[in-house]
Amino acid sequence: MKKGFIFDLDGVIVDTAKYHYLAWKKLANELGFEFTKEQNELFKGVSRKRCLEILLEIGKREATQKEFDTWMVEKNVDYLKYIENMDASEILPDVTKVLSFLKEQNIPIALGSASKNAQPILEKVGLLHYFDAIVDGNNVTKAKPDPEVFLLAAKQLGVNAADCVVFEDAVAGVEAANAAKMISIGIGDQKILSEAVHNFNDFTEISTDFIQELIDK
Ligand code: B16
Ligand code: MG
């Protein structure tokens, strides 16, 4: 059966969580409260809108619809400034090794990200050409843990959901991959991502032999 591989972006291909953190922290500080790195963990894989809702809960702040919309834009304007100078040096270790191996085997590759900034980031770091399909926050109506993003990616690749492998760093993302009946691979802390079918700290621990086994299964 033809296999497809789906990559999350933030935390899997690049560490943009640090830039999201700086932009959310700036907004929190402007609104008069603190926002810690630990709290930023809650934002991984979560849509921008949901992140702002959580931020306001943390700061115990009410917002009118107009304020909410303004802060969403403000955070993204700041985030775009932080990612403006991203380049290939920000690709996480051995991600390119796995992408190149899949490409050599003619295995279709998709991006499945909650971010609305996914495509420009892939362009900046020079990885866009690896991807046969890009499904991101601009294409879906339901956020992870809903499987919509990954099911749409599988559809665009022309691969059955059950024949897809998903690399994810967020609990919501692993849940979404499992809900889509895909093979979930957790990238990061195994204790946090315990629901994943396979776990690795990062791509340096993933051998091409292991990828080949997934392709041949
Ligand atoms: P944006 P992923 C997610 O990307 C991030 O993990 C999450 O922290 C962020 O809020 C979300 O994208 C939306 O990003 O504001 O750029 O649309 O991990 O699903 O690739
Ligand atoms: Mg992620």
Side-chain angles (χ1 to χ4, degrees), residues 5-28 35-58 68-69 71-84 86 90-92 95 109-125 127-128 131 133-153 166-177 179-180 182 184-189 192-193 195-196 199-203:
F5 281 67
I6 306 174
F7 291 72
D8 174 53
L9 178 70
D10 293 325
V12 167
I13 294 177
V14 285
D15 177 22
T16 35
K18 62 188 177 206
Y19 300 128
H20 282 295
Y21 170 65
L22 290 172
W24 286 124
K25 182 175 162 52
K26 182 169 174 285
L27 179 61
F35 176 59
T36 66
K37 281 204 167 145
E38 288 67 38
Q39 289 166 331
N40 192 55
E41 289 298 307
L42 300 170
F43 286 26
K44 289 188 175 173
V46 174
S47 71
R48 195 183 311 164
K49 180 169 175 282
R50 184 66 198 130
C51 286
L52 181 53
E53 287 168 359
I54 301 171
L55 191 82
L56 296 176
E57 283 164 23
I58 290 169
F68 192 95
D69 295 344
W71 295 336
M72 285 264 284
V73 171
E74 195 182 316
K75 183 267 168 178
N76 196 51
V77 168
D78 286 325
Y79 177 66
L80 291 177
K81 281 185 207 150
Y82 289 122
I83 64 168
E84 197 179 336
M86 279 183 84
E90 301 215 30
I91 301 168
L92 290 170
V95 167
I109 304 172
L111 191 83
S113 165
S115 175
K116 295 187 173 177
N117 298 300
Q119 182 141 344
I121 291 173
L122 285 181
E123 276 172 37
K124 280 174 199 296
V125 301
L127 292 180
L128 190 59
F131 290 86
I134 293 185
V135 181
D136 62 23
N138 299 296
N139 313 114
V140 293
T141 52
K142 296 178 214 129
K144 300 168 188 176
D146 190 282
E148 184 185 13
V149 63
F150 295 138
L151 291 173
L152 194 53
V166 175
F167 297 102
E168 253 295 345
D169 72 310
V171 174
V174 168
E175 285 173 2
M182 298 178 175
S184 55
I185 302 193
I187 302 292
D189 191 331
I192 297 172
L193 303 173
E195 296 297 311
N199 287 90
F200 298 96
N201 285 311
D202 56 42
F203 280 86

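Each ligand, and each atom within it, is numbered from 1 in the order the structure gives. Just the heavy atoms: all of them, side chains too, but no hydrogens, waters or symmetry mates, feed the values below.
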>> Check this for me, if you would: do Glu90 and Lys124 make a salt bridge, where the nitrogen-to-carboxylate-oxygen distance has to be below 4.0 angstrom?
In response: no

> So which protein residues pack against ligand 1 under 4.0 Å, heavy atoms counted?
Replying inline: Asp8, Leu9, Asp10, His20, Phe43, Lys44, Gly45, Val46, Arg48, Cys51, Lys75, Tyr79, Ser113, Ala114, Ser115, Lys116, Asn117, Lys144

>> Which atom name does Asp169 have for its N/O/S atom nearest to the Mg ion (ligand 2)?
In response: OD1

> For the Mg ion (ligand 2), what is the closest N, O or S atom on Asp8?
Replying inline: OD2

>> Could you go through Arg50 and Glu53, starting from their C-alpha distance and side-chain angles, then the distance that decides it, and tell me whether this counts as salt bridge (charged side-chain N to carboxylate O under 4.0 Å, His left out)?
In response: CA-CA 5 Å; Arg50 184 66 198 130; Glu53 287 168 359; 2.9 Å; yes

> Does Phe43 have its ring centroid less than 6.0 Å away from the ring centroid of Tyr21?
Replying inline: no

> Do Asn138 side-chain atoms and Lys116 backbone N/O form a donor-acceptor pair below 3.5 Å?
Replying inline: yes

> Hey, is there an N, O or S on Glu168 sitting under 2.8 Å from the Mg ion (ligand 2)?
Replying inline: no

>> Distance to the ring centre below 6.0 angstrom and angle to the axis at most 45 degrees; does that hold for Lys75 and Tyr79?
In response: yes

> Any side-chain heavy atom of Leu111 sitting closer than 4.5 Å to one from Leu122?
Replying inline: yes

> Between Asp189 and Asn199, do the side chains contain an N or O donor and an N or O acceptor separated by less than 3.5 Å?
Replying inline: no

